[in-house]
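Working notes, structure below.
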Amino acid sequence: MSLTYDDTSAAHAPATLPEVPAGFVWGTATAAYQIEGAVDVDGRGESIWDVFCRRPGAVAGAASGAVACDSYHRWRDDVDLLAGLGVDAYRFSVAWPRILPAGRGEISPAGLDYYDRLVDALCERGIRPFVTLYHWDLPQALEDGGGWRTRDTADRFAEYASLVAGALQDRVRDWITLNEPYCSSIVGYAEGRHAPGATEGHGALAAAHHLLLGHGRAVAAIRAAAGARARVGITLNLSPVVPATDSDADRAAAHRLDLMLNRQFTDPVLGGAYPDGFERLYAGVSDLSFRRDGDLERISVPLDFLGVNYYYRLHAADAPHAQPDPARRSAADIGVRQVQPGGVATTGLGWPIEPAGLFDTLTGLAGRFPKLPPVYITENGCAELRDNPDPDPERIAFIAEHLSAAARAAAADDRLDLRGYFYWSLIDNFEWARGYGPRFGLAHVDYATGTRTPKASYHWLRDRIRARRGR
Ligand code: FCB
């Protein structure tokens, strides 16, 4: 079945929220390194992002997450914001190096206490915690031993997951193993734009595989530690890829990008196999010798839900490889050039605003994977570059249009069980290699003082959520 999205009406979608099923979860999301700061407090170990941020030129403005929104100390402000917004859920991540400063071995009780207090405060306010275990901050000690290139890191991840699940399982029901393994592997180990800043071929593909293996092992570990109550999923960033023109070469380029970005992750996790054409894409780049019998069974362990992060659609054109010799080529060098679509509005970061891509992503998943678990949109959001809490109508329109695309996808295909939407992000924060310029928050953060100020979009969303509940 092929479903199409009526773009014309979406472009003029009123700033109202669509009807959603009863029990739909409204939430917002953040991640540890982007908001916590306090990187050397209470025995936290170093993460690959602490190290990467010190590399000259790696991060805009030579910024780092050393202070960020200081949520390690100001978490009560964040919980107040959440309660004021009236969301059902908060997706945040646990910093592995706060719990196990060296990635393994000795546990830091102070690190666990921080999340323990946060979870308590959320539960007291009736906000359901969705805990992401890995949002990119690998303990540097593990990177020093090879990081995600090595199988050992997958085992260490499962141990860490078990530890956190055991500590919080009495109050946390919803667990997300990994956030966007594409970014951790391809952006971090092949493009070098994210920590650890490597530009490898084989190593990056090994990292992707070991992240997925770590996910599979962590699902089993969380269920063992947290019992039948636990609901476990993974969050993938998915972007439909559109050929820039109708030419065979551009179509082939779009297919290659789809394999690298989307299907390298969706197919093993949801279908138990790497996609056709994947080995051919990387012939000469890697012999894929990191794969072992039994891995795909572990990776495709049935999930309680899938988290989808959607920001934009990609437009791909054929291009020469930057490195002609496959043996020296990075895994991101697949002969594709991304092009900006004409006539499409963009966010402050220049990302095309195309809610149709969310519709296509959701209906595509439902069509391709017969056992697709329930889906949450675990991230979706837009950034502005201005530094003030002035009205942000572009954010309001962005949320309304994307929610409407998601609701239409659920209405169009009853195989899609859409359970919730988390806006990225609750507050402005450290936007990785882009530093503090882009502001994704529903609340503005004054980084000099730490003060949070709700933006117009915060009030708008609060009113819509309230109206939904008939309050
Ligand atoms: C996603 C990340 C998240 C945030 C948004 C804008 O890729 O998961 O941490 O940076 O992009």
Side-chain angles (χ1 to χ4, degrees), residues 27-37 47-49 52-53 58-60 63-65 68-69 71 78 90-96 130-138 176-191 193-195 208 211 215 233-240 260-262 265 306-314 332 338 346-354 357-358 361 376-385 392 394-395 398-399 402 421-443 445 457:
T28 68
T30 61
Y33 191 72
Q34 295 179 274
I35 65 163
E36 286 177 3
S47 83
I48 55 175
W49 272 93
F52 184 68
C53 289
V59 176
S64 81
C69 311
S71 288
D78 298 343
Y90 179 44
R91 174 177 176 239
F92 64 92
S93 82
V94 173
W96 187 345
F130 274 62
V131 176
T132 305
L133 287 157
Y134 186 70
H135 201 126
W136 308 356
D137 42 2
L138 185 71
I176 296 170
T177 54
L178 304 177
N179 177 69
E180 303 189 353
Y182 166 80
C183 292
S184 308
S185 56
I186 301 295
V187 185
Y189 287 87
E191 288 183 28
R193 280 194 298 121
H194 281 181
L211 276 152
H215 152 76
I234 185 173
T235 280
L236 303 178
N237 56 304
L238 301 174
S239 290
M260 176 179 79
L261 183 108
N262 300 311
F265 302 93
L306 172 70
V308 171
N309 289 358
Y310 175 78
Y311 287 92
Y312 45 68
R313 187 153 74 166
L314 292 172
Q338 283 179 36
T346 59
T347 70
L349 279 177
W351 295 355
I353 303 175
E354 296 192 285
L358 179 56
T361 295
Y376 292 94
I377 296 165
T378 40
E379 283 181 33
N380 174 240
C382 70
E384 70 266 355
L385 297 175
D392 52 349
E394 60 284 72
R395 176 165 293 106
F398 186 96
I399 298 174
H402 284 80
Y421 175 91
F422 293 75
Y423 178 77
W424 181 274
S425 177
L426 174 66
I427 47 179
D428 294 338
N429 58 53
F430 175 69
E431 180 47 29
W432 308 111
R434 294 186 175 86
Y436 290 97
R439 290 174 173 271
F440 277 90
L442 293 168
V445 175
S457 54

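Every value quoted in this text rests on a predicted model; they were computed, and no experiment measured them. For the numbers below, each heavy atom of this structure counts, side chains included, while hydrogens, waters and symmetry mates do not. In each ligand, atom 1 is the first atom listed, and ligand 1 is the first ligand listed.
Annotation: atom 7 (O) of ligand 1 to nearest protein heavy atom, E180 OE1, 2.6 Å. In this structure, atom 10 (O) of ligand 1 lies nearest to the protein heavy atom E431 OE1, 2.7 Å. Of all protein heavy atoms, the one lying nearest to atom 5 (C) of ligand 1 is Y311 OH, 3.2 Å.
Listed by number with element, the atoms of ligand 1 under 4.0 angstrom from any heavy atom of H135 are 2 (C), 3 (C), 8 (O), 9 (O). The distance from ligand 1 to the heavy atoms of F440 drops below 4.0 Å at these ligand atoms: 6 (C). Every atom of ligand 1 with a heavy atom of Q34 under 4.0 Å away is listed here by number and element: 3 (C), 4 (C), 9 (O), 10 (O).
Considering backbone and side-chain N/O atoms, E379 comes within less than 3.5 Å of an N/O atom of ligand 1. Close N/O approach between W432 and ligand 1 is found [any backbone or side-chain N/O within under 3.5 Å].
Judged as a ring-ring contact (aromatic ring centres under 6.0 Å, His included), and not counting sequence neighbours, the contacts of Y311 are W351. The side-chain hydrogen bond (donor to acceptor under 3.5 Å, both in side chains) check on H135 picks up N179, with sequence neighbours excluded.
The shortest heavy-atom contact between E394 and C382 is O-SG, 4.2 Å. For the pair D78 and L426, the tightest heavy-atom approach, listed with the atom from each and the gap, is O-CD2, 3.8 Å.
Panel note: side chain Y134, backbone W96; no donor-acceptor pair is recorded below 3.5 Å.
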- prompt: Stepwise, does the ring-ring contact (aromatic ring centres under 6.0 Å, His included) test hold for Y90 with F130?
  reply: CA-CA 6 Å; Y90 179 44; F130 274 62; over 10 Å; no
task: List the steps and the verdict of side chain to side chain donor-acceptor pair (under 3.5 Å) for N309 and T235.
output: CA-CA 7 Å; N309 289 358; T235 280; 4.5 Å; no
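Only the side chain of N179 comes within 4.0 Å of ligand 1, counting heavy atoms alone; its backbone N, CA, C and O stay farther away.
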